Amino acid sequence: MTPVERKLDAELLARHQHLEGVRLGARWQWALWLCLWVTVGAGLVVLQMREREAILQQQTDQLRTQNHVAALLMRTQVQTTNTALEALQRTLGVWLQHPERGTELANTHLSSFVNLLPAVRTLAVIDEDGRLLLSSRRDIVGADAMQSPFF
């Protein structure tokens, strides 16, 4: 091998080693970028999980509060309805003793009571023979409830 060829081989070897070093440096850069993106992605996942847990906790607290308020309202409505029914039961005897004016007052009272309760359509007082004595609907007063399938 001539000195010129040796020199060319040495230059080629040096260039090859330089390119290998550049490739090795590029690999480190890519590995560093990969680690950086994985770290950023993991951080975002952790933040999203924390935000999800905070939202779940907030929604749970809100539902508990709404449930508590609904229970208080229902309790109040049931107690009010019970009080009104007890008052109706206490005054029923007085109304029935005065058929002309008492019946009219009782029917008016039953109609007012039905208007206060959205789930109730008709409220009636039925005697043991199945005859409707009083009702919030005046058109069925005096009807025979014995013929009804639910009686």
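Just so it is clear, the model here is predicted, and its values are computed rather than measured.
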(message) Taking atom CD as the centre, does E86 end up with more than 12 heavy-atom neighbours from other residues, nucleotides or ligands that are less than 6.0 angstrom away?
(response) yes
(message) Distance check, rounded to the nearest 0.5 Å: Q48 atom CD versus L44 atom CG?
(response) 7.0 Å
(message) Just to verify, which of D127, N107, V141 counts as forming a side-chain contact (heavy atoms from CB on, under 4.5 Å) with L133?
(response) D127
(request) Could you pull out the closest heavy-atom pair between S111 and S136, with the gap in Å? (result) OG-O, 2.7 Å
(request) Could you tell me whether the side chain of V125 reaches within less than 4.5 Å of the side chain of S135, counting heavy atoms only? (result) no
(request) Enter the distance from Q89:CD to N82:CG here, rounded to the nearest 0.5 Å. (result) 9.5 Å
(request) Indicate yes or no: does R131 engage D129 in a salt bridge with an N to O separation below 4.0 Å. (result) no
(message) Under a plain distance cut-off of 3.5 Å, with no hydrogens placed, do R75 and T80 share a side-chain donor-acceptor pair?
(response) no
(request) Nearest 0.5 Å please: distance from the NE2 atom of H68 over to the CG atom of L73. (result) 10.0 Å
(request) Hey, could you give me the CD1/CG distance between I126 and L132, rounded to the nearest 0.5 Å? (result) 4.5 Å
List the atom pairs, with distances to 0.1 Å, where a side-chain N or O of residues 52-66 and a protein N or O form a donor-acceptor pair under 3.5 Å, not counting sequence neighbours.
from, atom 1, to, atom 2, distance (Å)
Q57, NE2, D61, OD1, 3.0
T60, OG1, L56, O, 2.7
T65, OG1, D61, O, 3.0

(message) Less than 4.5 Å apart, side chain to side chain, heavy atoms only: is that true for L110 and R138?
(response) no
